Amino acid sequence: MSDLWSVDDHLADILRALRPLDPIALPLLDADGCVLTEDVTVPAALPPFDNSSMDGYAVRAADVAAATGERPVRLAVVGESAAGGVDELPVLRPGQALRIMTGAPLPAGADAVVPVEWTDGGLGGGPVAAMPAADLREGAPVRVHRPAAPGAHIRRRGSDAAAGTLALAAGTVLGPAQLGLLAALGRARVEVRPRPRVVVLSTGSELVPPGTPLGPGQIHDSNGFTLTAAARAAGAVAYRAATVADEPERLRAALEDQLSRADLVITSGGVSVGAYDVVKEALRGSVEFRRLAMQPGKPQGFGLVGRQRVPLLALPGNPVSSYVSFELFVRPALRALAGHPQVARPRVRARLVCDAPLTSPAGRRQYLRGAYTPPAPGERLGTVRPVGGASSHLLAALARADALIEIPEAATTAEAGAELTVVPLGGGGQEYGSSS
């Protein structure tokens, strides 16, 4: 057992060899999901001027302090302020009001906005539900039925962000809200670490693409699609290359063709002890092949290949083994290249629900597929139930799972009710819990 690497040591060795990708300036939408590499400060006050948060009337609060439904205050309407309007606004005098739309600049002299629903809209009746058309309002007074306190319904200049303050710190992961803020600040491009480019190569003479009829002894390539989709879900720009037959020269040629567009390469298959383990034969010397104290996924390979020393992770070929290996090793590597501070998925503790005790090989960290239920309100732990068996070819069970159940190396059984570490795989990018 002394020649076995632990899961943690193998991952640590991979991460030590990686450096985050160099920053580049990207248009905002291309930077979605990327890690910011510069501090962004607010160049000018946001919002840049006092404006209304309601459709209504800009007023002097003192003028409407006594307004009631029975005794409305009558004000002279002296103009209109619309969002995007460029006309110079009049200075508001006592006894005057100005029609104003949401987002429109506040005139000098006004210190409150009365929502239109608190007025008659200039129609001479009771409160209205919406602002009347402008041609109905020309020269007519407005009656205000409710008071507005000073500052009511006004967005003050700089109330969102003051000029010179920090808007976003380096290391921030950019999502919709952050991109919206950058756009509001006038930024068209931003410095980020780009998404890693990943090439996925499936090896095996028995593999044919989906949509192709199977011949004797052939199977469809599932790993290429699983791993490419997983890389994209992890934030990478991933390419599935054509499958490669069990011929070392063809694999070396395929790698030579693909390295120019890769920040990382994933291979699946050909890393065990079979007579046709093409990856081991083709890459021996530049990739170190190891046996890990884990199940599934015992055979693994890692190295830096080509003149650019592109990281290559060689994963086993069984579908579950390759996917589990991706989650444990490739996904953290991709996040490290992208500059994310936390590279592994958060772990949670959960209580095992099962019909019979689970078994695990001594000295191996086992990862079983599971269905995870987060804790109910007031509960400390969620629950996890195994999905399918432990065999590494059970792809249908993997498709029903949303978590990995971790059974530590020292344990050979896990009884119902046991508290175990779980790796929720999330859905649509969601991750449960926090790191532990």
Side-chain angles (χ1 to χ4, degrees), residues 14-15 17-48 103 158-200 225 227-241 258-266 308-313 326-327 329-346 424-432 434-435:
I14 293 169
L15 296 179
L18 303 181
R19 296 291 179 270
L21 300 176
D22 291 336
I24 60 173
L26 290 179
L28 291 189
L29 291 180
D30 292 342
D32 185 21
C34 295
V35 177
L36 188 65
T37 59
E38 58 171 325
D39 287 342
V40 176
T41 57
V42 180
L46 187 68
S159 59
D160 190 359
T165 59
L166 180 66
L168 295 171
T172 300
V173 180
L174 300 180
Q178 292 75 29
L179 295 175
L181 174 57
L182 290 167
L185 298 178
R187 293 290 297 265
R189 304 175 72 86
V190 66
E191 289 275 345
V192 296
R193 297 197 190 279
R195 297 174 180 271
R197 300 167 301 158
V198 178
V199 170
V200 177
F225 292 87
L227 297 173
T228 302
R232 290 177 179 175
V237 178
Y239 311 98
R240 175 189 168 270
Q258 297 294 332
L259 286 178
S260 62
R261 64 170 179 169
D263 298 308
L264 183 141
V265 174
I266 308 169
Q308 300 300 317
R309 296 181 61 77
V310 175
L312 183 145
L313 283 88
F326 179 94
E327 284 294 332
F329 308 121
V330 183
R331 190 177 190 277
L334 293 176
R335 289 177 63 83
L337 289 173
H340 288 275
Q342 179 175 316
V343 297
R345 284 192 189 273
L425 303 176
Q430 180 184 5
E431 295 177 351
Y432 296 104
S434 58
S435 59

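Predicted, not measured: the structure shown is a model, and the values here were computed from it.
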Query raised in the report: Would a 4.5 Å heavy-atom cut-off, applied to side chains only, mark Thr172 and Val35 as touching?
Result: no

Query raised in the report: Are the side chains of Leu425 and Glu327 in touch, meaning some heavy atoms are under 4.5 Å apart?
Result: yes

Query raised in the report: Would you say Pro47 and Asp160 make side-chain contact, with heavy atoms under 4.5 Å?
Result: yes

Requested in this report: With rounding to the nearest 0.5 Å, note down the distance linking CG in Leu179 to CZ in Arg187.
Outcome: 12.0 Å

Query raised in the report: What is the minimum heavy-atom distance between Asp32 and Gly175, and which atoms define it?
Result: OD1-CA, 3.8 Å

Query raised in the report: Is there a side-chain contact between Asp30 and Pro27 (heavy atoms, below 4.5 Å)?
Result: yes

Query raised in the report: Where is the tightest heavy-atom contact between Thr228 and Arg240, given as atom of each residue plus distance?
Result: OG1-CB, 3.3 Å

Query - Arg335 side, atom CZ; Leu18 side, atom CG - distance, nearest 0.5 Å - result: 14.0 Å

Query - Greater than 12 external heavy atoms within 6.0 Å of Leu166's CG - result: yes

Requested in this report: Kindly say whether Gly180 contributes a backbone atom to a donor-acceptor pair with the side chain of Gln178 at under 3.5 angstrom?
Outcome: no

Query raised in the report: Has the side chain of Thr41 got a donor or acceptor atom that lies under 3.5 Å from a matching backbone atom of Thr165?
Result: no

Query raised in the report: If we only count heavy atoms from C-beta on, is the Leu334 to Leu264 side-chain gap below 4.5 Å?
Result: yes

Report task. Take His340 and Val173 through the side-chain contact (heavy atoms from CB on, under 4.5 Å) test and state the conclusion after the steps. Result -> CA-CA 8 Å; His340 288 275; Val173 180; 3.6 Å; yes

Query raised in the report: Is there a side-chain contact (heavy atoms from CB on, under 4.5 Å) between Leu182 and Leu174 once you walk through the steps?
Result: CA-CA 10 Å; Leu182 290 167; Leu174 300 180; 4.2 Å; yes

Report summary line: Scanning both residues in full, the closest heavy-atom pair of Leu15 with Ala336 reads CD2-CB, 3.9 Å

Requested in this report: Using the side-chain contact (heavy atoms from CB on, under 4.5 Å) rule, take Asp39 and Leu168 through it: C-alpha gap first, then chi angles, then the decisive distance, then the call.
Outcome: CA-CA 6 Å; Asp39 287 342; Leu168 295 171; over 6 Å; no

Query - Nearest heavy-atom neighbours spanning Pro194 and Asp22 - result: CD-O, 3.2 Å

Report task. Measure from NZ or CZ of Arg261 to the centre of the six-membered ring of Tyr239, then state whether that distance is under 6.0 Å and the direction lies within 45° of the axis. Result -> yes

Report summary line: Heavy-atom closest pair (Ala167 atom, Val42 atom, distance to 0.1 Å) is CB-CG2, 3.9 Å

Requested in this report: Answer whether the closest heavy-atom distance between the side chains of Leu185 and Pro43 falls below 4.5 Å.
Outcome: yes

**Report entry** Minimum heavy-atom distance between Glu191 and Ala25, given as atom pair plus value
**Finding:** OE2-CB, 3.8 Å

Requested in this report: Kindly compute the distance separating CZ (Arg197) from CG (Leu21), expressed to the nearest 0.5 Å.
Outcome: 8.0 Å

Query raised in the report: Is any side-chain heavy atom of Arg193 less than 4.5 Å from a side-chain heavy atom of Cys34?
Result: no

Query raised in the report: Side-chain contact, heavy-atom cut-off 4.5 Å: Pro23 with Val192?
Result: no

Requested in this report: Could you check Val265 against Leu259 for side-chain contact (heavy atoms from CB on, under 4.5 Å), going step by step and ending with a plain yes or no?
Outcome: CA-CA 8 Å; Val265 174; Leu259 286 178; 3.8 Å; yes

